[in-house]
Amino acid sequence: HERDYAVVYLTSGHLFVESKDGNVSVLLERGQVTSRLAGVEHNVKNPNDFEFIFVELELKRASAT
């Protein structure tokens, strides 16, 4: 990710996150919000037998005038 971002989960369930630091299964709840700083490298997989829906919001900074 090139920018800081937040994720709003619209589905409850597990996601499997692969990263340089290791792999982890995360239980997420509908309505939960998480955030990460720019530069995070990871791969997210959906192990559920249903579609997992979320909205990812990339945070942009105002430009100097």
Side-chain angles (χ1 to χ4, degrees):
H1 291 269
E2 293 181 21
R3 300 180 186 273
D4 298 349
Y5 68 98
V7 180
V8 180
Y9 301 95
L10 304 178
T11 306
S12 295
H14 284 91
L15 287 179
F16 187 73
V17 182
E18 300 172 333
S19 71
K20 291 180 184 179
D21 299 330
N23 301 329
V24 63
S25 178
V26 182
L27 175 60
L28 300 159
E29 297 293 331
R30 184 173 62 122
Q32 183 177 349
V33 177
T34 59
S35 63
R36 300 244 182 188
L37 299 176
V40 172
E41 293 183 28
H42 61 271
N43 185 37
V44 178
K45 294 183 178 181
N46 178 9
N48 303 290
D49 59 356
F50 53 85
E51 185 175 49
F52 195 95
I53 302 169
F54 59 86
V55 177
E56 190 170 286
L57 306 163
E58 188 174 88
L59 306 176
K60 299 194 178 206
R61 293 171 183 33
S63 60
T65 56

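Positions are given from 1 along the sequence.
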Q) With no hydrogens and no angle check, is any side-chain donor or acceptor of Ser19 less than 3.5 Å from a backbone partner on His42? A)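 Absent.
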
Q) Judged by atom type as modelled, is there a donor-acceptor pair below 3.5 Å linking the side chain of Asn46 to the main-chain atoms of Asn48? A) yes

Q) Under a single-linkage definition using a 4.5 Å side-chain heavy-atom cutoff for Ile, Leu, Val, Met, Phe, Trp and Tyr, are Phe50 and Val44 assigned to the same hydrophobic cluster? A) yes

Q: Scan for salt bridge (Lys or Arg N to Asp or Glu O under 4.0 Å) pairs involving residues 41-51, sequence neighbours excluded, and state none if there are none.
A: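 Matches after skipping sequence neighbours: Glu18-Lys45, Lys20-Glu41.
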
Q. Hey, is CD on Glu56 packed in by over 12 heavy atoms from elsewhere, all under 6.0 Å?
A. yes

Q) Do other residues, nucleotides or ligands put more than 12 heavy atoms under 6.0 Å from the CZ atom of Phe54? A) no

Q: Could you give me the CA-CA distance, side-chain angles and deciding distance for Leu28 and Phe52, then say whether side-chain contact (heavy atoms from CB on, under 4.5 Å) is met?
A: CA-CA 10 Å; Leu28 300 159; Phe52 195 95; 4.1 Å; yes

Q: Give the minimum heavy-atom separation between Thr11 and Ile53, together with the two atoms involved.
A: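 Smallest heavy-atom distance, with atoms named: OG1-N, 2.9 Å.
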
Q | Side chain proximity check, Arg36 to Tyr5, heavy atoms < 4.5 angstrom | A |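 Arg36 vs Tyr5: side chains touch.
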
Q: Please list all pairs passing the ring pair (Phe, Tyr, Trp, His ring centres under 6.0 Å) test where one or both residues lie in residues 10-37, with sequence neighbours left out.
A: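 Checked against ring pair (Phe, Tyr, Trp, His ring centres under 6.0 Å) - neighbours excluded - no pair reaches residues 10-37.
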
Q) When rounded to the nearest 0.5 angstrom, what is the spacing between OG in Ser12 and CZ in Arg30? A)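 Between Ser12 OG and Arg30 CZ, I get 6.5 Å after rounding to 0.5 Å.
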
Q) Name the one of Val7, Leu57, Val8, Val55 that satisfies side chain to side chain contact (heavy atoms under 4.5 Å, CB included) with Val33? A)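 Testing each of Val7, Leu57, Val8, Val55 against Val33, the sole residue satisfying side chain to side chain contact (heavy atoms under 4.5 Å, CB included) is Val8.
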
